[in-house]
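Heads up, the thing below is written out as structure tokens.
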Amino acid sequence: MALLLALVISLITIVTMYIFAAKIWWFPPLISQERAAYDEQFMLTLVITGIIFFFAQLGLCYVIFRYRDQGKRAHYSHGNTKMEIIWTSATAILFIGLVFAGQHIWAQVHLESSPADAIQIEVTGQQFVWNFRYSGPDGRFGRLSPEFINESGGNPLGLDFDDPAATDDLVMPVMAVPVDRPVEVILRSKDVIHSFFVREMRLKQDAVPGMEIRLHFTANIVGQYEIPCAELCGLGHSQMRSYLLVMSEEDFQDWLRDNALE
Ligand SMILES: [Cu+2]
């Protein structure tokens with residue numbers, strides 16, 4: 001019986017390791033070269049924890065078999081304090097080290113300011129849609145005022161048209177960006193906490209009411225990518241998604257022009 005249990009555990013271990021090593025269920029391909037560090041850090045963590053997992057399971061199998069019921073009287077063990085101190089501190093050092101390495105990569109994206117030539121796009125989450133605002137030809141975002149918010153009247157953000165800078169602002173339900181150009185996202189929320197998530201970019205950031213959170217990215221591959229809301233924000237949360245359209249510079253300019261005409 002003990003031998004069978006040890007064998008089943010080994011089998012589960014091998015199958016689990018195979019699923020990860022063969023990348024059977026894996027991330028979608030990365031579309032932003034500056035984010036490659038995220039994947040590298042993830043792999044490093046996975047390999048280290050994978051090796052520990054393997055040996056821990058092997059140890060478990062050995063102990064199950066070695067101390068199986070042999071018809072003798074069992075005796076109580078108090079454990080080994082020295083060994084416990086060693087592996088607890090080793091685990092702590094290892095994980096704190098990985099956290100620091102990861103923190104460094106995260107900070108590069110979130111705390112560094114955007115390149116000067118970045119295109120600014122204001123992203124506003126609300127139950128249960130995303131709105132994307134472009135500043136229009138004047139390059140300036142117009143004033144917003146809550147009293148002008150009119151969902152059915154096509155002014156979900158409350159643009160104040162008395163402000164000349166607001167008249168050319170473009171508000172869209174999808175987010176178009178030109179390929180290979182830095183984009184600065186100004187993330188806001190109108191009601192509760194939402195989360196802006198683009199898997200292919202390894203980018204996830206909460207949108208918090210009352211805050212303007214800035215982050216930046218550069219997409220390197222043309223295509224259409226989902227932007228789901230990654231924070232449970234209410235009953236319609238699962239319906240809250242939009243798309244990131246990465247297009248050539250030319251197509252992007254056309255897209256801006258075509259939508260401005262409407
Ligand atoms: Cu949401």
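In this text, all values refer to a predicted model and were calculated from it rather than measured experimentally. Counting begins at 1 with the first residue of the sequence. One-based numbering, in listed order, for ligands and for the atoms of each.
Residue Q127: no N/O/S atom is found under 2.8 Å from the Cu ion (ligand 1). Taking 2.8 Å as the threshold, H237 does not count as a candidate ligand of the Cu ion (ligand 1), since none of its N, O or S atoms lies below it.
A salt bridge does not link E34 with R202: none of the charged nitrogens is closer than 4.0 Å to a carboxylate oxygen. Between E212 and R214 there is a salt bridge, since a side-chain N of the basic residue sits under 4.0 Å from a carboxylate O of the acidic one.
In this structure, SG of C229 and ND1 of H194 enclose an angle of 120° at the Cu ion (ligand 1), rounded to 10°.
The aromatic rings of F252 and W255 sit parallel, their planes meeting at an angle under 30°, below the 60° perpendicular limit.
At a cut-off of 3.5 Å, with distance as the only test, no side-chain donor of S248 or E250 sits close to an acceptor on the other residue.
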